[in-house]
*Asks:* 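If you scroll down you'll find the structure; I have some questions about it.
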2 protein chains.
Amino acid sequence: MNASNRLSPNKRLALTDMPEKAKNSTDLVAVGTPELTFARSPLGQRLLDLQNSGSRSNRAIAEYLLRNPLRIPAIGIEELASRTGVSAATLSRFARAAGFDGYAELRAAAADSLLGMLQPVEKLRSSIQSSAGKSGGANVLVSGLEASVNNVRSAAESLDPKALTTIVSLISRANEVYTLGFGLSSHLASILALDLQPFCARLTNVVEFGGTEVAAGRLLNIGKRDVLIVLSFPRYATDAIRLTSYARTRGAKIVAITDSPASPLAQLADYLLFAPANHPVLSSGLSAALVVVEALVSALMISNPDNVKQASKLTDAIAAYLVDGTDTHSRKS
Amino acid sequence: MNASNRLSPNKRLALTDMPEKAKNSTDLVAVGTPELTFARSPLGQRLLDLQNSGSRSNRAIAEYLLRNPLRIPAIGIEELASRTGVSAATLSRFARAAGFDGYAELRAAAADSLLGMLQPVEKLRSSIQSSAGKSGGANVLVSGLEASVNNVRSAAESLDPKALTTIVSLISRANEVYTLGFGLSSHLASILALDLQPFCARLTNVVEFGGTEVAAGRLLNIGKRDVLIVLSFPRYATDAIRLTSYARTRGAKIVAITDSPASPLAQLADYLLFAPANHPVLSSGLSAALVVVEALVSALMISNPDNVKQASKLTDAIAAYLVDGTDTHSRKS
DNA sequence: GTACATTTGAAAAAATATTTTCATAAACAC
DNA sequence: GTGTTTATGAAAATATTTTTTCAAATGTAC
């Protein structure tokens, strides 16, 4: 399996599949998110300034505006106040601080900026290539990005919520949950373990940083009522396969996240989740795998309303270490 | 900033706005001019009706709105009155005729339609397996997958190869390269470090599994000729910000991978790479971040033909531990 | 610690925007 | 033509939004 082989199935991007007429037309919408484009506009820059220089609430306001530029024209000062958690009075003053005559003018300026963002914009391929014309390497880079987008989309589209539900109830009922991955996959396994922690009384991430030999020991006592979630991608680490085989012989339920039905894990698993890992340069692009991991965690969280609370509780305990300690989520990153 | 806030910009999908034929396609939402897209929206349809059925002024109003949809959210009834040449009273009645509670609601509806148009949102919803129908949770799940796909695409589209090239040469010339991330981002930092290893003589992953206190020590001697690559996403870990500030004071070059220009890292970094992290359930979806990391590594690899060889050499040394020891890539997963 | 400056929210005041009223004008039926 | 219906704008009435005021809280300098 070489690079060109891996890329080829995805070579034809949705982009190039677009009807011809669309190609030169005034297709809408910017490169990147509206948020990123907005930040580049003059108004965005002013807001960024205020985000640095201003007072606590001014920073909060600037941040909200930068993150939700599309809403600005549509909402009034009161609603914005409640969304940003400051008073309308402060917002009124903020508008002046930003150099406007009042909130109305700020809002008008925002609307203008957004208008400007609606310039006809080329799509991924052309926009990237244009600035990278000379070096042949740029094409590879674009291919890599394209491949990543496709991997993620394929994974998302082929993910079966039913299977996810089954796996979630499996995890919920398990005596102990094990996560396993080697090499790069070990980090995905760790992320999975970290996210799973609030919901699993007993949870073991088999490979804690490099300790390949110790890993087997951690898995030694896996049994019938346990679940092993294993991740492996090309080039598949033999240890992952071997340990999974072992867990299988011990009667554990196996959930595998891997790239293809042709993966050596496919035969060993009771439940399979696929995350394509095509990449022109790297042996595996793991972004889709991360999407699948996050989907699994999401499914687990929403499977039970209590879980969300539980996750929040955990968060509160570490809130002090976060820049923004005000919201109720569980993931620090 | 909470989950609903984060999700909300994407809440209203353009799905329902699209002509039937497009529903199952993978096209971007907004193709054509904003005006045309707006005309296809439910609100646009209503206006078209009124344009045919209504009285003289109603036709004039409907036409103006259809031709200038982008202005609607920004202007009040009086200004619209003067632009369309009718009185405010007529506009007020027009809004009712269109089925709204009043002008305010009409304007809000217009803002919503436009918001939907500005989201280059792809419609996975229909393409994701239909079994999702029953449970309410499935929608959240689908939203999560949609968000991930959009994050990844946004990241890909807004990634500037030039910036990447600059960063690559920075890394190549650096005396020592540091990678830094806390919480979930620590795993991304580890992946980055693992991938960078073959190309960096001196490389330090500051946070090796949880050791928060030791981390500062590892960064202590960072200096002018060094590069710090830091990753942080909501909810931003204060430690990441603090250590980055420290590195900055020591004169190190800072490369930040974060979610938004409003991120606290944005002000500290010399070079910024954006990876949107929107997610309806999790506080951050990190798949796009992984795409950016992989793009950076790819760029580094292809920047110099020798690098590929170098990566291969390393691989050969560990080939014995891989299921398929025949190819020439560097990543075991 | 105290004094001073800054920031903030609640509520009053002002400004603005929207709706309703009402008189008139236009359109239509006959 | 007249009577009737419908549509309209001006202005009053109402509702909403925005700004200002002011007292309290917070932060800062000494």
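Computed from a prediction, not measured in an experiment: that's the story for all the values here. In what follows, every chain begins at residue 1, and chains take the letters A, B, ... in the order their sequences are listed.
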*Asks:* CZ of Phe100(B) versus P of dT19(C): gap in Å, rounded?
*Replies:*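 In whole Å, dT19(C) P lies 12 Å from Phe100(B) CZ.
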
*Asks:* Is the closest side-chain donor-acceptor distance between Asn68(A) and Arg71(A) under 3.5 Å?
*Replies:*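 No - no donor-acceptor pair under 3.5 Å links their side chains.
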
*Asks:* Looking only at the side chain of Ala89(B) (C-beta and beyond, no hydrogens), which of the listed nucleotides dA11(D), dT18(C), dT19(D) gets closest?
*Replies:*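 Nucleotide nearest to Ala89(B)'s side chain: dA11(D).
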
*Asks:* Rounded to whole angstroms, how far apart are CG on Leu80(B) and P on dG9(D)?
*Replies:*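 Distance, rounded to whole Å: 12 Å.
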
*Asks:* Tell me the interatomic distance from Ile77(B), atom CD1, to dA15(C), atom P, rounded to whole angstroms.
*Replies:*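 For the pair Ile77(B) CD1 and dA15(C) P, the rounded distance is 22 Å.
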
*Asks:* Whole-Å distance between dA17(C) C1' and Tyr103(B) OH?
*Replies:*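 One finds 10 Å between C1' of dA17(C) and OH of Tyr103(B), rounded.
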
*Asks:* In whole Å, what is the span from the CZ atom of Arg56(A) to the P atom of dT26(D)?
*Replies:*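 Rounded to whole Å, this separation is 11 Å.
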
*Asks:* What is the separation between atom CG on Asn58(A) and atom C1' on dT26(D), rounded to the nearest whole Å?
*Replies:*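 Going from CG in Asn58(A) over to C1' in dT26(D) covers 15 Å.
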
*Asks:* For a side-chain contact (heavy atoms from CB on, under 4.5 Å) check, start with the C-alpha distance between Ile72(B) and Leu65(B), then their side-chain angles and the critical distance, and finish with the verdict.
*Replies:* CA-CA 7 Å; Ile72(B) 310 177; Leu65(B) 294 182; 3.7 Å; yes

*Asks:* Taking atom CZ of Arg225(B) as the centre, report whether more than 12 heavy atoms of other residues, nucleotides or ligands fall under 6.0 Å from it.
*Replies:*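 No, not enclosed.
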
*Asks:* Here's one to test your reading of the geometry: is the NZ or CZ of Arg46(B) within 45 degrees of the ring axis of Phe100(B) and under 6.0 Å from its centre?
*Replies:*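 Positive - Arg46(B) is close enough to the ring of Phe100(B) and near enough to its axis.
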
*Asks:* Donor-acceptor pair under 3.5 Å: do we get one between Arg93(B)'s side chain and the base of dG9(D)?
*Replies:*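 In this structure, the two groups form a donor-acceptor pair.
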
*Asks:* So if I take every side-chain heavy atom of Glu78(B) and compare against dT18(C), dA11(D), dG9(C), which nucleotide ends up nearest?
*Replies:*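 Side chain of Glu78(B) sits closest to dT18(C).
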
*Asks:* In whole angstroms, how far is the P atom of dA11(C) from the CG atom of Leu91(A)?
*Replies:*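 Interatomic distance, CG of Leu91(A) to P of dA11(C): 17 Å.
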
*Asks:* Nearest to the side chain of Arg96(A), heavy atoms from C-beta on, is which of dT19(D), dA10(D), dG9(C)?
*Replies:*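 Closest nucleotide to the Arg96(A) side chain: dT19(D).
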
*Asks:* For dG9(C), does either OP1 or OP2 sit under 4.0 Å from a side-chain N or O belonging to Thr90(A)?
*Replies:*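 Yes, because at least one side-chain N or O of Thr90(A) sits under 4.0 Å from OP1 or OP2 of dG9(C).
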
*Asks:* Could you state the atom-to-atom distance from CG of Asp101(A) to P of dT16(C) in whole Å?
*Replies:*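 Distance, rounded to whole Å: 11 Å.
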
